[in-house]
Number of protein chains: 2
Amino acid sequence: MALEHAILVSLEERAGSGYELARRFDRSFGFFWAASHQQIYRTLKRMVERDWVTVTDVAQEGRPDKKVYRVTDGGRAELSRWLAEPTEPVTVRSELAVKIRGASLGDSGVVIEEIARHRSHHAERLGVYRMIEKRDFADPDSLRGQRLHQYLVLRGGIRAEQGQLDWCDELLDALHRDRARGKADTEG
Amino acid sequence: MALEHAILVSLEERAGSGYELARRFDRSFGFFWAASHQQIYRTLKRMVERDWVTVTDVAQEGRPDKKVYRVTDGGRAELSRWLAEPTEPVTVRSELAVKIRGASLGDSGVVIEEIARHRSHHAERLGVYRMIEKRDFADPDSLRGQRLHQYLVLRGGIRAEQGQLDWCDELLDALHRDRARGKADTEG
DNA sequence: AGTTGCTATGCGCCTAGTTGCATAGTAACT
DNA sequence: AGTTACTATGCAACTAGGCGCATAGCAACT
């Protein structure tokens, strides 16, 4: 699993608390890896036990104390080990695809509505990603190192959302035409 | 979760045993939903308890007896209910993306090798899907109903694999150029 | 007689992840 | 004084899924 490793990467870039990590996972890191705060706190606890990170209590003004986590040498070693280890390519697991296969057996109208809902979702995500691309990475050819890597991950998100969006359009077009033909058959 | 619903859809199209379902999930259904035989047997057992399917022992010649599962009215009702229920769009969860972000902190060479490995994987899957598309769906405009839905799901698989492949190419190109620039800096 | 391979079913343990709930300080608004 | 919102942490129970292992009939080959 990669949540631990995603946390190691994030903490290497900048030390922080569980709460801060959760916010990072909501934003840039969450482009490709969602994690709830419960998961993050539990994982951090385990990582402390394994000596991959250390924790320091930090008093704050005007807000509750926080625990700042920092990567140890052991954590860096684990990250190197994991980077060199092959991982399985993602298996696509699409509930929407199951629903499309099920459309023959039920009301295809509700499936079409569902696809439209997914289309909106992906269009919105894509809009956010495109905005970030334009705002933060105006000159991609000049990027290097960490900044380049951030850009490339964003590109992956853009490609994934664009792909889903295009598929939704293909689905809606084909299913609408199929319905129209079915109606013509009944009437004619 | 959709494994139960994927099984319902598959069994509605044709009744079968756990073993047969496992093979279907290895083939067409597995384009978008992988499931091990252990998972399928366990899920079928639960589905019998819920009266979504019935089971009949069938003696066979030259091979072990099998248990054939059939969808009940209750199962069909559940499938309808689920089809109408909104599902969350898939959150992309890419270990490869985590590794790219980690490349700044470790050996970018091993990350490039990993991307190349993923590229091969996606190229191979895409090849299989394209072959099926050409062989089984030569005239997509004429498709209707169940056959159309099968084709549309395959199209989703093609789009997903093509997207991953293109991203891998973009990654390899950018990371190679970044390395070459770094080398030029050291030498110059 | 032994091995390999396909068909066929299933259990037990573990990890990862989700859901719901609980606590608590501070600030700003009503 | 009460509500809402943000910061900050965490547990308990549950579900899904993966990994390893076990059993067993039959066929074909060695």
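Chain identifiers are assigned alphabetically (A, B, ...) following the order of the sequence lines, protein sequences preceding nucleic acid strands; residue numbering begins at 1 within each chain.
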When rounded to whole Å, the CD to C1' distance for the pair B:Glu61 and C:dC6 reads 17 Å
A:His122 versus A:Leu126: any side-chain heavy-atom pair under 4.5 Å? no
Find the distance B:Glu95:CD to D:dG18:P and express it as a whole number of Å. 13 Å
Whole Å only: how far is the CZ atom of A:Phe25 from the P atom of C:dT18? 12 Å
Separation of C:dT7 C1' from B:Glu20 CD (nearest whole Å): 10 Å
Nearest-Å distance, CD (A:Gln60) to C1' (C:dA24)? 14 Å
Give a yes/no answer on whether the side chain of B:Arg46 brings an N or O atom under 4.0 Å of OP1 or OP2 in D:dT15. no
Under 4.0 Å between a Lys/Arg side-chain N and an Asp/Glu carboxylate O for B:Glu49 and B:Arg46? no
Using residues 57-71 of chain B as the side-chain source, report each donor-acceptor pair under 3.5 Å to any protein atom, sequence neighbours left out, with the distance given to one decimal.
residue, atom, partner, partner atom, Å
B:Gln60, NE2, B:Pro64, O, 2.8
B:Lys66, NZ, B:Glu20, OE2, 2.8
B:Arg70, NH1, B:Thr56, OG1, 3.4

Residue pair A:His5 / B:Glu95, side-chain donor-acceptor N/O under 3.5 Å: no
Would you please confirm or rule out a distance under 4.0 Å between OP1 or OP2 of C:dC11 and any side-chain N or O of B:Lys45? yes
Counting side-chain heavy atoms from C-beta on, which of D:dT9, D:dT7, C:dA8 comes nearest to A:Lys66? D:dT9
Write down the protein N/O and nucleotide N/O pairs, taken from nucleotides 22-25 of chain D, whose separation is under 3.5 Å; answer none if there are no such pairs.
none

From NZ of A:Lys67 across to P of C:dG25 the rounded distance in Å is 16 Å
Whole angstroms only, please: what is the CZ-P distance between B:Arg93 and D:dG17? 13 Å
So B:Leu175 and A:His149, do their side chains get closer than 4.5 Å, heavy atoms only? yes
How about B:Leu165 and B:Gln162: do any of their side-chain heavy atoms sit closer than 4.5 Å? yes
B:Tyr19 has a side chain; which of D:dG17, C:dT7, D:dT9 sits nearest to it? C:dT7
If you check the B:Tyr69 side chain, which of C:dG10, D:dA8, C:dT19 turns out closest? C:dG10
In whole angstroms, the gap separating C1' of C:dT7 from CD1 of B:Ile40 amounts to 15 Å
Spell out yes or no: do the side chain of B:Gln38 and the base of D:dG20 have one donor N/O and one acceptor N/O closer than 3.5 Å? yes
Residues B:Arg23, B:Asp26: salt bridge by 4.0 Å N-O rule: no
Would you indicate which nucleotide in C:dG17, C:dA16, C:dA8 comes nearest to any side-chain atom of B:Tyr41? C:dA8
Are A:Arg23 and D:dC6 close enough that a side-chain N or O sits under 4.0 Å from OP1 or OP2? no
Are a donor atom and an acceptor atom from the side chains of A:Arg147 and A:Tyr151 found within less than 3.5 Å of each other? no
Let's test your reading of the model: under 3.5 Å, does the base of C:dG17 pair with the side chain of A:Arg42 as donor and acceptor? yes
Classify the nucleic acid contact of A:Gln39 as base, sugar-phosphate or nothing, counting any heavy atom under 4.0 Å across all strands shown. base
